[in-house]
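All values derive from a computational prediction rather than experimental measurement.
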Amino acid sequence: MDDLDTLDSLGTVSRLGDPAATPPEVIFRASCPECRTSFELSADALRLAIGGSHRTTFYSFTCPDCGSSVRKPAGDRIVELLTDGGVRTMRLHTG
């Protein structure tokens, strides 16, 4: 299954208050390979790790339904969606 099938930016959801004063919240759609459910997650529920190659770049989250820790590879498009959506990013260093 392609990363874009399992993680898709839904766009923005307005928060209460003045839209100019508060940046919009981005919601992501994801799925769990363990329990096979699909759900929506805020940027705070996801983590992105960027390594030195495509093999060491991934995003992770905890399934809200079954509690499994999920880790999936992140290609360039997924990295772009997650970083633009405010997901916390960690750069992995080799050395």
Side-chain angles (χ1 to χ4, degrees):
M1 185 179 315
D2 189 300
D3 285 339
L4 292 177
D5 293 336
T6 58
L7 181 70
D8 180 29
S9 175
L10 294 176
T12 60
V13 176
S14 297
R15 291 181 179 166
L16 296 176
D18 180 6
T22 306
E25 181 178 5
V26 177
I27 302 297
F28 297 93
R29 185 175 301 138
S31 62
C32 176
E34 293 296 319
C35 67
R36 301 204 173 277
T37 59
S38 294
F39 39 82
E40 295 175 354
L41 297 171
S42 68
D44 290 341
L46 294 154
R47 299 291 177 271
L48 174 63
I50 300 177
S53 71
H54 290 293
R55 283 191 249 168
T56 57
T57 300
F58 61 91
Y59 64 96
S60 62
F61 58 89
T62 300
C63 176
D65 288 343
C66 72
S68 293
S69 293
V70 179
R71 178 175 158 167
K72 296 185 177 185
D76 293 339
R77 180 68 179 139
I78 297 297
V79 169
E80 181 182 351
L81 286 170
L82 293 174
T83 54
D84 289 350
V87 172
R88 281 182 258 174
T89 303
M90 174 177 56
R91 296 218 178 256
L92 304 176
H93 297 281
T94 60

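Here Asp84 pairs with nothing under the side-chain hydrogen bond (donor to acceptor under 3.5 Å, both in side chains) rule; sequence neighbours left out. With sequence neighbours excluded, the residues forming a side-chain contact (heavy atoms from CB on, under 4.5 Å) with Arg91 are Ile50, His93, listed by chain and number. With sequence neighbours left out, Thr89 forms a side-chain hydrogen bond (donor to acceptor under 3.5 Å, both in side chains) with no residue at all. Remark: Glu80 engages Arg77 in a salt bridge (Lys or Arg N to Asp or Glu O under 4.0 Å) (not counting sequence neighbours).
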Practice task
Give the C-alpha distance, both sets of side-chain angles, the deciding distance and a yes or no for side chain to side chain contact (heavy atoms under 4.5 Å, CB included) between Ile78 and Tyr59.
Solution key: CA-CA 9 Å; Ile78 297 297; Tyr59 64 96; 3.8 Å; yes
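Across all non-hydrogen atoms, the minimal contact from Cys32 to Ser68 is SG-CB, 4.4 Å. The two residues Gly67 and Thr62 come nearest to each other via the heavy atoms O-CG2, 3.6 Å. Heavy-atom minimum distance, Ala74 versus Leu48: CB-CD1, 4.1 Å. When all heavy atoms are compared, the tightest approach of Ile27 to Ser42 is CD1-CA, 4.3 Å. Closest approach of Ala30 and Leu41 over heavy atoms only: CB-CD1, 4.1 Å. Residues Leu92 and Gly51 share a closest heavy-atom pair of CB-CA, 4.0 Å.
The ring-ring contact (aromatic ring centres under 6.0 Å, His included) contacts involving residues 38-57 comprise Phe39-Phe61, where partners must be two or more places apart or lie in separate chains. Residue pairs satisfying the ring-ring contact (aromatic ring centres under 6.0 Å, His included) criterion with at least one member in residues 62-86, sequence neighbours excluded, are absent.
To the nearest 0.5 Å, atoms CZ (Arg36) and SG (Cys66) are separated by 11.5 Å. Atoms OG and CE, on Ser60 and Met90 in that order, are 7.5 Å from each other to the nearest 0.5 Å.
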